[in-house]
Amino acid sequence: MRLRHKPWAGDFIAEHSEYAISNPEQYRGKWHEVFGNDNPIHIEVGTGKGQFLAGMSQQNSDINYIGIELFDSVIVAAIQKAVDLQSSNLKFLNVNAKDLAEYFAPGEIDRVYLNFSDPWPKSRHAKRRLTYKSFLALYEEILVKGGEIHFKTDNQGLFEYSLISFSEYGLQLKFVSLDLHNSEYEGNVMTEYEEKFSEKGQRIYRVEARYMNEAIQN
């Protein structure tokens, strides 16, 4: 994906500190204070232009959402959505996902969303995939016991790789869908990429993966 440079992005982000959190490391272990409540916290790693989290924040007012996005020229669109919606349960971090443990304390996050992540198709780049084992270990560190990853993609190769990666790590796979938009799944909130790909007739793959570090109670 070619990114268009936006020289004004830094100023825009700084002007909207109510949504774009600077120096997030100072809030490690204190994110409930930032939101002003004890609601569950869900994060999206690679939030892009923010359509997914904007929709989720409106659909679930009792959940706090944090979008993680490395590129300032992209996250400005997500922040603008939050400004327009006046979403009190939505924040953004313009940081690198590999440093998540610096921003969140163990057990502070309830769920991780991975939506249409870069597939990094070359084998030598496997470690960069957000479903690689080192990232799975990172998510496990910040998630509550028995926390979940919800993953969506249009890339069949990445989906197959991720199912194997999840399984080898020891996660329990739930609600595996090979064609999300023709399934019985309800409440799906689409990302910008998802809308574009589905309009072209491409399949959307989805899975929920749960860490087995706590006894499951049904």
Side-chain angles (χ1 to χ4, degrees), residues 1-3 24-25 42-53 66-75 78 92-104 106-181 188 190-198 200 202-213:
M1 178 179 66
R2 179 173 293 178
L3 299 177
E25 61 276 0
H42 295 184
I43 68 172
E44 182 184 21
V45 180
T47 202
K49 296 181 180 180
Q51 180 169 302
F52 175 77
L53 282 196
I66 301 176
I68 313 297
E69 175 57 51
L70 176 62
F71 301 106
D72 60 2
S73 59
V74 176
I75 202 171
F92 295 98
L93 307 185
N94 184 200
V95 298
N96 196 316
K98 68 180 180 63
D99 301 320
L100 286 177
E102 296 181 14
Y103 310 125
F104 302 108
E108 191 168 21
I109 303 304
D110 292 84
R111 182 176 298 169
V112 172
Y113 293 102
L114 303 175
N115 293 316
F116 299 88
S117 309
D118 192 327
W120 293 104
K122 295 182 180 180
S123 297
R124 68 175 183 271
H125 292 152
K127 291 182 179 180
R128 300 183 184 183
R129 297 170 190 160
L130 293 180
T131 53
Y132 185 71
K133 60 184 179 181
S134 60
F135 279 105
L136 299 185
L138 181 58
Y139 308 145
E140 183 177 22
E141 183 176 347
I142 64 174
L143 279 167
V144 297
K145 298 297 184 182
E148 295 183 346
I149 298 171
H150 289 195
F151 175 62
K152 286 196 291 187
T153 183
D154 67 303
N155 189 293
Q156 182 178 350
L158 178 62
F159 190 68
E160 293 172 350
Y161 167 86
S162 300
L163 292 181
I164 294 171
S165 182
F166 292 154
S167 297
E168 290 182 344
Y169 195 86
L171 278 74
Q172 177 194 36
L173 303 184
K174 309 190 301 177
F175 305 111
V176 179
S177 177
L178 303 181
D179 191 357
L180 176 61
H181 291 183
N188 182 54
M190 289 197 286
T191 74
E192 291 89 352
Y193 279 122
E194 187 172 356
E195 284 188 345
K196 181 175 69 174
F197 295 142
S198 62
K200 294 180 179 179
Q202 294 179 229
R203 286 188 179 187
I204 304 301
Y205 303 90
R206 183 182 184 276
V207 64
E208 298 176 12
R210 179 175 181 174
Y211 285 90
M212 300 292 286
N213 48 14

Distance (rounded to the nearest 0.5 Å) between [X] [atom1] and [Y] [atom2]:
X: His42; Y: Glu148; atom1: NE2; atom2: CD; value: 8.5 Å
X: Leu114; Y: Leu130; atom1: CG; atom2: CG; value: 6.0 Å
X: Glu108; Y: Tyr103; atom1: CD; atom2: OH; value: 14.0 Å
X: Ile142; Y: Leu100; atom1: CD1; atom2: CG; value: 4.5 Å
X: Asn155; Y: Gln202; atom1: CG; atom2: CD; value: 9.5 Å
X: Ile149; Y: Glu208; atom1: CD1; atom2: CD; value: 11.5 Å

With Arg206 as the cation and Phe175 as the aromatic partner, state whether NZ or CZ is under 6.0 Å from the six-membered ring centre and within 45° of the axis.
no

Within 45 degrees of the ring normal and closer than 6.0 Å to the centroid, is that where the cationic atom of Arg129 sits relative to Trp120?
no

Go through the steps to decide whether Ile68 and Glu44 satisfy the test side chain to side chain contact (heavy atoms under 4.5 Å, CB included), and finish with yes or no.
CA-CA 6 Å; Ile68 313 297; Glu44 182 184 21; over 6 Å; no

Can you confirm whether more than 12 heavy atoms, excluding those of Lys133, are under 6.0 Å from its NZ atom?
no

Pair Gln172, Tyr211 - check side chain to side chain donor-acceptor pair (under 3.5 Å), show working.
CA-CA 6 Å; Gln172 177 194 36; Tyr211 285 90; over 6 Å; no

Derivation and outcome, side chain to side chain contact (heavy atoms under 4.5 Å, CB included), residues Arg111 and His150:
CA-CA 8 Å; Arg111 182 176 298 169; His150 289 195; 3.4 Å; yes

Min side-chain heavy-atom separation [X]-[Y] under 4.5 Å:
X: Ser167; Y: Leu173; result: yes
X: Leu93; Y: Phe104; result: yes
X: Asp179; Y: Tyr205; result: no
X: Met190; Y: His181; result: yes
X: Tyr193; Y: Asp154; result: no

If you take all heavy atoms of [X] and [Y], which pair is closest and at what distance?
X: Val45; Y: Ala97; value: CG1-CB, 3.4 Å
X: Lys127; Y: Ser134; value: O-OG, 4.4 Å
X: Lys152; Y: Asn188; value: NZ-OD1, 2.8 Å
X: Leu158; Y: Ser117; value: CD2-O, 3.7 Å
X: Ala209; Y: Leu171; value: CB-CD2, 3.5 Å
X: Phe116; Y: Thr153; value: CE2-C, 3.7 Å

Among residues at least two apart in sequence or on other chains, which ones pass side-chain contact (heavy atoms from CB on, under 4.5 Å) with Glu168?
Ile164

Applying side chain to side chain contact (heavy atoms under 4.5 Å, CB included), run through Ser165 and Leu136 and close with a yes or a no.
CA-CA 9 Å; Ser165 182; Leu136 299 185; 3.5 Å; yes

Qualifying residue for side chain to side chain contact (heavy atoms under 4.5 Å, CB included) with Lys196, from Lys200, Glu194, Glu192
Lys200

For Phe92, the ring-ring contact (aromatic ring centres under 6.0 Å, His included) test, sequence neighbours excluded, returns none

Can you pull the ring-ring contact (aromatic ring centres under 6.0 Å, His included) pairs that have at least one residue in residues 126-149, sequence neighbours excluded?
none

Can Lys49 and Glu69 be counted as an ion pair, charged N to O under 4.0 angstrom?
no

How far apart are the C-alpha atoms of Phe151 and Val112, what are their side-chain angles, what is the distance that settles it, and do they pass the side chain to side chain contact (heavy atoms under 4.5 Å, CB included) test?
CA-CA 8 Å; Phe151 175 62; Val112 172; over 6 Å; no

